[in-house]
J.: 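Handing you this structure, nothing more for now.
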Amino acid sequence: MEIGKVIDEREMLETLRIASKNGKKVAIIGTGNHSKKVADLIISTARMSDFTIRDSEVIAQAGCPISKIREEAMSMDLLFPSLYDGTVGGLLATNEAYPISTAYGTPYSFTQWTRIVTNSGVLKWKGLIGSKGLLGGFTEASMRLYPRPSRVETFTTKLEEKDLIQVYNKVINLNPLAFLIEYDNGFTIHVSLTEGKIDGMDSYEGVPLVEESDKGSYMVKVDDISSFIELVNKVRPIYAYYIQGVKWSKVYTSEESELNGWEHFNSTEVPKVVWKLKTILDHWNTLV
């Protein structure tokens, strides 16, 4: 397996096209810490690591570690709105949701524009966010930054299903920074606020985190909390969670057939629309 660190879009495009002509499979990574892809050629964007913060915007190259952006943003009293710990390219490729996506959305939401090198050429189109490297390599993006909250407190409690909607309707009016509902043989809610409090709940400083792996999990389309409750009642998963404002829940179940009737895909894969776009942008099937 050959690993090449590209320095710009021109070099990435040239490398992709040569690989296509030679029938080689190519994977595009950042530092490689979050990727287990196997290919004939690995293209790394680690040398493309510059970024600039201006006002409430960061323009960053794909190989830039999110931790560096987060650190500089904090020094300017700004918040980078994701808990992802890889590079900018990985953030855009996965489009992962975190509990704070309630307030800020997924990377697709807070990204203003992005550039991506495909086998068909260079595109400036954020519609390819979440394609997990199957359509091309992200090279640069503009993302919004937000005022950094001076205080974040999370309130949590276990709830019976019959009380969940009532509490949800009460809490949603508090404009939470994060709103996470977990199902683990019962419901637990976590609500993060920058001001105010919720009586009758335990609390801790900071935002909720979900410790998990993708193994045995599926992304399932849900419209709202009622849809999530319906899903849980039908499937009775090993574990599942719902983030307010995010249309996909992650569900752990031993049998995919239990999700029949629900739009879903394996967490390690991509939505069907990505495969449709691949026939256009990478009909050579070079990228893996």
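The residues of the chain are indexed from 1 along the displayed sequence. Keep in mind that this is a model prediction, so the values were computed, not measured.
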J.: What pairs with Trp248 under ring pair (Phe, Tyr, Trp, His ring centres under 6.0 Å), at least two apart in sequence or on another chain?
T.: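 Partners of Trp248 by the ring pair (Phe, Tyr, Trp, His ring centres under 6.0 Å) criterion, ordered by chain and then number, come out as Phe265.
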J.: With sequence neighbours left out, write down each residue that passes ring pair (Phe, Tyr, Trp, His ring centres under 6.0 Å) with Phe155, or none if nothing qualifies.
T.: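 Testing Phe155 for ring pair (Phe, Tyr, Trp, His ring centres under 6.0 Å), a comparison that skips the adjacent residues, returns none.
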J.: Can you find a heavy atom in the side chain of Val235 that is under 4.5 Å from one in the side chain of Leu259?
T.: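 In contact.
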J.: Residues in side chain to side chain contact (heavy atoms under 4.5 Å, CB included) with Ser150, at least two apart?
T.: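 Scan of Ser150 (side chain to side chain contact (heavy atoms under 4.5 Å, CB included), adjacent residues dropped) gives none.
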J.: Under 4.5 Å between side-chain heavy atoms, chaining through other members, with only Ile, Leu, Val, Met, Phe, Trp and Tyr counted: pull out the rest of the cluster around Leu180, sorted by chain and number.
T.: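 ILVMFWY cluster around Leu180 also holds Val210, Ile238, Tyr239, Tyr241, Ile243, Val246, Tyr252.
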J.: Can you name the side chain to side chain contact (heavy atoms under 4.5 Å, CB included) partners of Thr94, sequence neighbours left out?
T.: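 Result, side chain to side chain contact (heavy atoms under 4.5 Å, CB included) vs Thr94: Tyr84, Glu96.
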J.: Who are the side chain to side chain contact (heavy atoms under 4.5 Å, CB included) partners of Ala46, not counting sequence neighbours?
T.: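 Checked Ala46 against side chain to side chain contact (heavy atoms under 4.5 Å, CB included); matches are Ser44.
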J.: Test: ring-ring contact (aromatic ring centres under 6.0 Å, His included). Region: residues 4-23. Which pairs qualify, not counting sequence neighbours?
T.: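 Applying ring-ring contact (aromatic ring centres under 6.0 Å, His included) to every pair that reaches into residues 4-23, excluding sequence neighbours, yields nothing.
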J.: List for me each residue that meets side chain to side chain contact (heavy atoms under 4.5 Å, CB included) alongside Ser120, sequence neighbours excluded, and say none if there are none.
T.: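 For Ser120 the side chain to side chain contact (heavy atoms under 4.5 Å, CB included) partners, ignoring immediate neighbours, are Thr118, Leu281, Trp284.
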J.: Can you tell me which residue pairs pass the ring-ring contact (aromatic ring centres under 6.0 Å, His included) test with a partner in residues 157-176, sequence neighbours excluded?
T.: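 Qualifying pairs: Tyr168-Phe179.
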J.: Once side chain to side chain donor-acceptor pair (under 3.5 Å) is applied, do any residues pair with Lys25, and if so which ones, sequence neighbours excluded?
T.: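 Scan of Lys25 (side chain to side chain donor-acceptor pair (under 3.5 Å), adjacent residues dropped) gives none.
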J.: Hey, could you give me each pair passing ring-ring contact (aromatic ring centres under 6.0 Å, His included) that has a residue in residues 40-82? Not counting sequence neighbours.
T.: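 Output for this query lists Phe80-Phe110.
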J.: List in chain and number order the residues that pass ring pair (Phe, Tyr, Trp, His ring centres under 6.0 Å) with Tyr146, two or more places apart in sequence or in another chain; answer none if no residue qualifies.
T.: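 Ring pair (Phe, Tyr, Trp, His ring centres under 6.0 Å) list for Tyr146, sorted by chain: Tyr104.
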